[in-house]
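So the structure is just underneath, and the comments pick up after that.
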Amino acid sequence: MPGFEFFGDEERKEVNEVLETGILMRYGFDGPRKGIWKSKELETAVTQVFGCNHAQLTSSGTAALTTAMAALGVGVGDEVIMPAFTFVASFEAILSVGAVPVLVDIDETLTLDPAAVKAAITPKTKCVMPVHMCGSMADMDALQQICTDHNLILLEDACQSIGGTYKGKKLGTIGAAGTFSFDFVKTITCGEGGVVMTNDKDVYTKCDAYTDHGHDHLGVDRGADLHPFIGYNFRISELHAAVGLAQIKKLDTFLAIQRKNNKLLRSYLEQVPGIQFRSVPDEAGDSCSFLSWMLPTEAGTKAAIESLKEAGVFAGNFYWYANNWHYITKWDHLKNAITLNRLNDAQANALLGLQTQSFAKSDAIMSRTVSTAISLLWTEEQIKEKGEKMLAAITKAL
Ligand SMILES: *Cc1c(COP(=O)(O)O)cnc(C)c1O
């Protein structure tokens, strides 16, 4: 997944162009910046590479989600349906706009289970937020149909699946809006950063102002801008955008390497008796940043993990169910509604309700799932050695 593995002269050149002028801010200073507009350039590149009409850069992926929800009119009194397996940013963003996160089960795609989404719809539901976890995608046809039938907004969190596609469309460009994160471990990195993508001009215009204190950006003098509504500062800096500009040009290379490395490693793991891989609604669109696999039982999976550790090949593998911060089992702060400032009552009640909500279907999947992160730097020899060692260690444990 990580673009940081390919940080080099291209990134340094882009950053140096900004350092030459010293104009680190994305707006204004038209004279001294000498024609250097890295953020604008990266936004244009995002629209071209991913095929969407508009792109608004932000300071992070979390800020991108918050911005998208605000621009889509999601707020107090609204419920947003999200998966129980995701990064914490999902519920952080929902809570930040005053809405209620409604957590539901995943299926073997490791993303939203369409049946669970349907069952969770109430008169307050406003938005469905699939999270395309670990490089691959949710069942978008099914989710889109549900949103159409129930008049709901579809917002894609594609932060972990940059470059993945579904039936020919780039993930993040299918819903009313979609987001990427460009944090340090994502497929393209800016150091920190994110983007909202949309085909809706009105949503984009709102994102543009919202991320810069509500400035309408209509005049030539930003200081004299009007403020049609209240916004925040979720701006990206020119230094960060410069890094992303170099990285986005390498995306095709990253994806080609990921796919090749993923396929080769998979050819070894496929030989494990009873192993299964996550189901991928459109195989051709898997960005292949991870290889996610499942063993028949939880006990077998735990034994396999111990065996991988003993063999010294567990590094780079993620057992989200117990060891990581991506699944409901580990979100005690969420389930206890622990915040610094007061939540609204609907939010607090919903969070406390998570303590008794069953996620049995997700547990049955997550307790058997391990995701292997695919490095861009592996040589073929290293993958073969890793593959052989992993195959032997897992098979021994079963
Ligand atoms: C990384 C990530 C985010 C948030 O991105 P930041 O840039 O770190 O704020 C959101 N959702 C998912 C699924 C992520 O992996």
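Residue numbers run from 1 in the order of the sequence given. Counting convention: from 1, in listed order, for ligands and their atoms alike.
Pairs of residues two or more places apart, or lying in two chains, that qualify as salt bridge (Lys or Arg N to Asp or Glu O under 4.0 Å) and include a residue from residues 217-235 are D212-R222, D212-R235.
A cation-pi arrangement, defined by a distance under 6.0 Å to the six-membered ring centre and an angle within 45 degrees of its axis, is present between K309 and F314. A cation-pi arrangement is absent between K260 and F254 under the rule of less than 6.0 angstrom and at most 45 degrees off the ring axis.
Looking at T62 against ligand 1, both its backbone and its side chain come within 4.0 Å, counting heavy atoms. Proximity of C159 to ligand 1, defined as any heavy-atom pair under 4.0 Å, is confined to the side chain (atoms from C-beta onward). With a 4.0 Å heavy-atom cut-off, ligand 1 is reached by no atom of E192.
In the vicinity of V131, heavy-atom distances shorter than 4.0 Å reach the ligand 1 atoms 13 (C). Interface atoms of ligand 1 facing S60, defined by a heavy-atom separation under 4.0 Å, are 7 (O), 9 (O). Set against the non-hydrogen atoms of D183, the atoms of ligand 1 under 4.0 Å away are 1 (C), 6 (P), 7 (O), 8 (O). When each atom of ligand 1 is checked for a heavy atom of A89 under 4.0 Å away, the hits are 3 (C), 4 (C), 10 (C).
Of the N or O atoms in Q160, one or more lie within a sub-3.5 Å distance of an N or O in ligand 1. Polar contact check, F87 against ligand 1: no nitrogen or oxygen pair lies under 3.5 Å apart.
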Just list the side-chain donor-acceptor pairs under 3.5 Å for residues 110-121, sequence neighbours left out, or say none.
{"residue": "T111", "atom": "OG1", "partner": "T109", "partner atom": "OG1", "Å": "2.6"}
{"residue": "D113", "atom": "OD1", "partner": "A115", "partner atom": "N", "Å": "3.1"}
{"residue": "D113", "atom": "OD2", "partner": "K361", "partner atom": "NZ", "Å": "2.9"}

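Ring geometry, F50 versus F180: the interplanar angle exceeds 60°, so the pair is classed perpendicular (tilted spans 30 to 60°). A tilted orientation is assigned to the rings of Y327 and Y321, their planes being inclined by 30° to 60°.
Residue nearest to atom 7 (O) of ligand 1, selected from S181, A93, G194: S181 (by heavy-atom distance).
Annotation: H333 is in aromatic contact with W325 [ring centroid separation under 6.0 Å].
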